[in-house]
Structures are given as structure tokens and as C-alpha cells.
Number of protein chains: 2
Amino acid sequence: MSELPLIFAALSEPTRFAIVERLMAEGELPAGAFLDDFDISAPAISRHLNVLSNAGLVTKRVNRQQRLYSARPETIGVVSAWAMGHREFWENSLKRLELALQQEMERK
Amino acid sequence: MSELPLIFAALSEPTRFAIVERLMAEGELPAGAFLDDFDISAPAISRHLNVLSNAGLVTKRVNRQQRLYSARPETIGVVSAWAMGHREFWENSLKRLELALQQEMERK
DNA sequence: CCGTTAATTAACGCAACCGTTAAATTGCAA
DNA sequence: TTGCAATTTAACGGTTGCGTTAATTAACGG
């Protein structure tokens with residue numbers, strides 16, 4: 001029984017993906033902080049945050065009128081652990097990918 | 001422009017996730033190889049393989065009557081690279097997770 | 001050729017997903 | 001208590017996703 005499909009489902013929605021990225025970069029933020037990032041209503045944001053919470057990707061903390069959300073490192077770690085578990089499968093390809101990127105950088 | 005949500009969407013479906021896992025473990029397999037793994041029809045399998053192909057997770061090769069599918073290391077590498085790009089965010093948590101797992105193993 | 005095997009495409013139904021607006025909840029502040 | 005601010009819940013509608021069966025394509029084997 002793997003929770004990965006649930007995690008992937010939560011991250012498959014571009015708005016939710018962006019929310020998680022921002023939370024990882026900036027740390028704890030109130031729900032309202034995402035209203036300016038996307039052209040969707042507050043209820044839509046709220047539901048996205050709830051989906052992320054159900055997948056274990058964020059936690060909620062109440063402070064005064066605000067609901068403060070944070071990304072959960074453990075769950076991002078689960079994704080990482082899955083990828084690392086298949087490292088032998090993709091590592092050669094990734095080396096080539098990194099090399100290509102590096103050469104691309106140097107060429108500029 | 002990130003292709004990650006598309007990749008995550010493809011992996012969010014348990015059947016597709018299992019298909020990718022098997023292809024990574026066993027290498028190239030014909031479409032029919034997955035018929036016994038799940039309780040769904042051949043057309044359903046075919047559509048799942050097409051979704052995986054559109055996300056860049058598998059490639060198709062024709063040989064006689066068979067369509068042989070393989071997992072694409074580069075795309076798994078993209079997921080890995082994303083997780084590694086946020087390593088500083090989750091690494092401490094992952095260490096604790098590994099430690100807990102290790103202690104769990106030793107306790108048995 | 002003919003029948004079988006392997007797989008896909010077509011057509012359809014149902015459930016889930018994601019958006020909206022309106023209403024409800026909760027805390028704060030005048 | 002009145003009202004505002006922050007967020008969620010309720011109710012509804014359109015689109016997408018995933019399954020089915022039936023039909024089609026393509027290649028092989030007698």
C-alpha cells in the first residue's frame with residue numbers, strides 16, 4: 001500500500017503544485033497569501049489547500065483569524081525516497097542530462 | 001514551464017503507477033503483459049499506456065504484432081531532480097524518517 | 001485465404017474534479 | 001452589538017477521467 005499516487009494526484013494540479021513550491025521556498029503562509037498568485041476565488045484556494053492537507057503535503061495551524069499553512073518535509077521526502085529507490089534505473093540518464101545542461105550553460 | 005504536473009498526473013493513477021514500477025523493474029514489456037496484473041480490459045490498459053507515453057514516462061517500440069513498452073529514465077530523473085532541488089527542505093526530516101525505519105527494523 | 005493473436009480506436013455512461021456564487025463560521029475591533 | 005476580515009462549507013454546473021463493449025487494424029501461422 002503506497003501513498004504515492006495520492007501525493008502525485010495532489011501535485012498534479014498546477015495551482016496546487018505552485019502552492020507547495022511557494023510554501024517550501026517561503027515557509028509558513030496564510031491561506032490568503034495565494035489569492036494574488038492565481039485567478040481563482042478564495043473557496044477554490046481553500047479546497048486546494050484541503051486536498052494538499054489530505055495528501056499529507058501541508059499542515060494547518062490556526063492563529064487569530066488566519067489559517068497558516070506549511071509544507072511537510074516528510075511527504076516531500078517520501079517522493080524523494082521513491083525516486084532514490086529507483087536511482088540505479090535513471091542515474092545514467094540523469095548524468096547525461098546534467099552534462100547536457102552544463103554544456104548548455106558554458107556555451108552561453 | 002514545468003512538465004512536472006503532467007508527470008505527476010500520469011503517476012497519480014494506481015494502475016499506471018504499478019505499470020511504471022514493473023517496467024522499471026523488469027525492463028521492456030509488451031502491452032499484453034499487464035493484462036493479468038489488473039482486473040481491467042485491454043483497451044483500458046492501452047489507454048493507460050498512452051497517458052504514460054504522453055507524459056514522457058514510457059516509450060513504445062513495434063515488433064511484429066507486439067507493442068513493446070519501456071520506462072524512460074530521463075523522466076523519472078526529472079522527478080528525482082525536482083526532489084533533489086528541494087533537498088535542503090526535506091533532508092533533516094528524511095534523516096529522522098530513515099532513523100525511525102532503522103530502529104523499527106532492529107526492534108524485530 | 002482464413003482464423004487467431006495483439007493491440008488500438010470508437011462510442012458511450014458514470015463518477016470525480018474544479019470552478020463558481022452564496023451562505024456560514026470565527027475572531028477581532030470599534 | 002455591530003460590523004469587518006479571513007476562511008471555510010454548501011450547492012450547483014461543466015469538463016475530464018476511467019471503465020465498459022463493439023468494431024477496427026495489422027501481423028502471424030496453417
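Quick caveat, the model's predicted, so the values are computed rather than measured. Protein chains get the first letters and strands the later ones, always in sequence-line order, with residue 1 at the start of each.
If you check every strand for non-hydrogen atoms under 4.0 Å, B:N63 touches nothing. At a threshold of 4.0 angstrom between heavy atoms, the contacts of B:Y69 are confined to the sugar-phosphate backbone, with no base atom among them. Base contact: A:A42 has a heavy atom under 4.0 Å from a base atom. The residue B:F34 sits apart from the nucleic acid: no heavy atom pair falls under 4.0 Å.
Residues A:T15 and A:F34 have side chains not in contact (no heavy-atom distance under 4.5 Å, counting atoms from C-beta outward). Residues A:Y69 and A:R22 have side chains not in contact (no heavy-atom distance under 4.5 Å, counting atoms from C-beta outward). Residues B:V79 and B:F8 meet the side-chain proximity criterion, which asks for heavy atoms closer than 4.5 Å. Within the 4.5 Å cutoff, the side chain of A:L11 has heavy atoms near those of the B:W82 side chain. In this structure, the side chains of A:I40 and A:H48 come closer than 4.5 Å at one or more pairs of heavy atoms. Contact of the A:V20 side chain with the A:I76 side chain is registered, since non-hydrogen atoms from C-beta on lie closer than 4.5 Å.
Phosphate contact (OP1/OP2 of C:dT26, side-chain N/O of A:R64, threshold under 4.0 Å): absent.
The CG atom of A:N50 sits 12 Å away from the P atom of C:dC17 (whole-angstrom rounding). The CG atom of A:L68 sits 14 Å away from the P atom of C:dG27 (whole-angstrom rounding). Straight-line distance from the CD atom of A:E13 to the P atom of C:dC18: 5 Å, rounded to whole Å. The distance between atom CG of A:L35 and atom P of C:dG19, rounded to the nearest whole Å, is 13 Å.
Using the Watson-Crick or G-U wobble rule with both distances under 3.5 Å, C:dT8 pairs with D:dA23.
Hydrophobic clustering of Ile, Leu, Val, Met, Phe, Trp and Tyr side chains at less than 4.5 Å, counting indirect connections, keeps A:L68 apart from A:L49.
Chain B approaches DNA chain D within less than 4.0 angstrom (heavy atoms of the protein), and the contacting nucleotides run 5' to 3' from D:dC18 to D:dC28.
Taking the nucleotide of DNA chain C with the nearest heavy atom to each of A:A9 and A:Q65, the more 5' of the two is matched to A:A9. Of the residues near DNA chain C, A:A44 and A:V62, the one whose nearest nucleotide (by heavy atom distance) lies more toward the 5' end is A:A44.
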